[in-house]
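FYI, the numbering just counts along the sequence from 1.
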Amino acid sequence: MGSSIGNMSPFWPASGVALVALMVFGLRVAPGIMLGSLPLELALAPTIVPAVGASVGDTLGPLCGCLLLRWVGFRPELDRFKDAVALVVLGAFVATLVNAFFGPTILLLTDQIPERLFGPTLLIFWTGDVIGVLAAAPLLFSLRRFPQLRTMGWRAWAEIGLLAAVSFVVPFVELREVGLFFLAFPIIAWAALRYQLIAVTPCTFIIAVVVVDAATRGVGPFAGDDVMRRMVELQLLNGSLVLGGLFFAVVISQRDRARLDIERACTRLTEVIEHIEDHESLLQAGKLPYVKAASELPRPPDPQESPQGERSPNSG
């Protein structure tokens, strides 16, 4: 975001990948996340101490996010609105604060940044992890629906590809030529209406990349803004975009499931009615034996009653 801040990015998809890995495979993959991020941090950091500290922070953030999501009963299927809210609020904005404070603190203690840049560095760390979770995590969660993906025809894939292309071209032109960001929301709404999460998540990922690029270059609505303002705008734009897309997808998925449940209930009710009608027709035709009702059956003898002519041994 600026040469004075160093090698930091406001878009870090590895945070979302790490969170999904922990949610899917369990906490046992946490050491692998730290070891996997260490080579990249060694390449970016001038010494080994900040590199190791950054790797620890890269692991602690997703780990806290995983624990928070488990605590609220998050389901990776993202088929409930509470799951979408939990992923955006807890997984993206709250849990990433751990690495946002941890990383800049290590840089400050190792004299990699001056004190005056601690705030902007913290905000860039936080924004990178937030957008990484918002963009990458829903996309990876949706790819777990592999059986549904295999049943989709080429027309569906062509439409999703067209939506992905539009998600790149329209925001790219709009941000640079008009300086606005409104047309991204109808694209997301249309993707949710057509194919729910399978189409929403790649579109939000592409739009997030386009918006981050515009903010980094300082074009469109980000022109003339300082680093702090750009980071806040990035978080608000991507947070509202992802939450809106997930909300539309969840609502439409629930509507479709409710319609299927009603259709199945109607089918079962029709089968039961047909079975009753067939039984009555066979009974009227004399092809089924008549079964007496319970009121027509003889009453069983009462064991407390004695046969006629015999005295009960307990009677006076």
Side-chain angles (χ1 to χ4, degrees), residues 20 23-24 69-91 137-164 166 185-204 241-305:
V20 173
M23 291 298 300
V24 174
L69 291 178
R70 287 186 175 185
W71 178 59
V72 297
F74 173 81
R75 292 198 310 213
E77 292 78 11
L78 289 173
D79 55 355
R80 302 175 301 178
F81 184 61
K82 65 174 289 187
D83 298 327
V85 174
L87 180 61
V88 172
V89 176
L90 297 179
L139 177 61
L140 295 175
F141 281 135
S142 67
L143 292 178
R144 297 180 68 241
R145 304 185 177 191
F146 185 71
Q148 182 179 355
L149 296 176
R150 294 181 58 184
T151 59
M152 296 175 59
W154 69 269
R155 294 181 182 273
W157 284 112
E159 188 172 354
I160 293 176
L162 179 61
L163 284 169
V166 172
F185 291 95
I187 297 172
I188 295 301
W190 180 254
L193 180 64
R194 294 295 296 155
Y195 300 104
Q196 292 81 58
L197 286 176
I198 295 176
V200 166
T201 51
C203 291
T204 54
L241 181 71
V242 173
L243 184 60
L246 293 178
F247 174 75
F248 283 131
V250 169
V251 168
I252 294 171
S253 297
Q254 290 179 347
R255 181 205 64 181
D256 293 342
R257 283 199 303 271
R259 183 182 61 188
L260 288 175
D261 292 339
I262 293 174
E263 291 177 354
R264 290 170 184 168
C266 293
T267 301
R268 292 175 182 174
L269 182 60
T270 302
E271 293 175 352
V272 171
I273 293 175
E274 292 177 352
H275 179 73
I276 293 175
E277 292 177 350
D278 293 340
H279 186 82
E280 290 180 350
S281 61
L282 292 175
L283 185 62
Q284 293 175 357
K287 296 183 180 180
L288 287 178
Y290 177 74
V291 179
K292 293 184 177 181
S295 59
E296 300 178 9
L297 297 176
R299 201 177 98 178
D302 189 351
Q304 299 296 329
E305 295 181 0

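- With sequence neighbours left out, Phe185 forms a ring-ring contact (aromatic ring centres under 6.0 Å, His included) with no residue at all.
- Heavy atoms of other residues, nucleotides or ligands lying less than 6.0 angstrom from CZ of Phe141 number more than 12.
- Leu87 pairs with exactly one of Leu243, Leu78, Val242 by the side chain to side chain contact (heavy atoms under 4.5 Å, CB included) rule, that one being Leu78.
- In this structure, the side chains of Leu163 and Cys203 come closer than 4.5 Å at one or more pairs of heavy atoms.
- In this structure, the side chains of Leu246 and Pro138 come closer than 4.5 Å at one or more pairs of heavy atoms.
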For this session: Take Arg264 and Thr267, measure what side-chain contact (heavy atoms from CB on, under 4.5 Å) needs, and give me the verdict at the end.
Result: CA-CA 5 Å; Arg264 290 170 184 168; Thr267 301; 5.6 Å; no
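- Leu197 approaches Pro202 most closely through the heavy-atom pair O-CD, 4.1 Å.
- Qualifying side-chain hydrogen bond (donor to acceptor under 3.5 Å, both in side chains) partners for Thr201, counting only residues two or more places apart in sequence or in other chains: Ser142.
- Side-chain atoms of Ile160 and Tyr195, non-hydrogen and from C-beta on, do get closer than 4.5 Å to each other.
- Taking each heavy atom of Ser253 and Gln196 in turn, the nearest pair found is OG-CG, 3.1 Å.
- Between Phe81 and Phe247, the ring planes lie perpendicular to each other; the angle is over 60°, past the 30° to 60° tilted range.
- Under the rule for a side-chain hydrogen bond (donor to acceptor under 3.5 Å, both in side chains), Arg257 has no partner lying at least two apart in sequence or in another chain.
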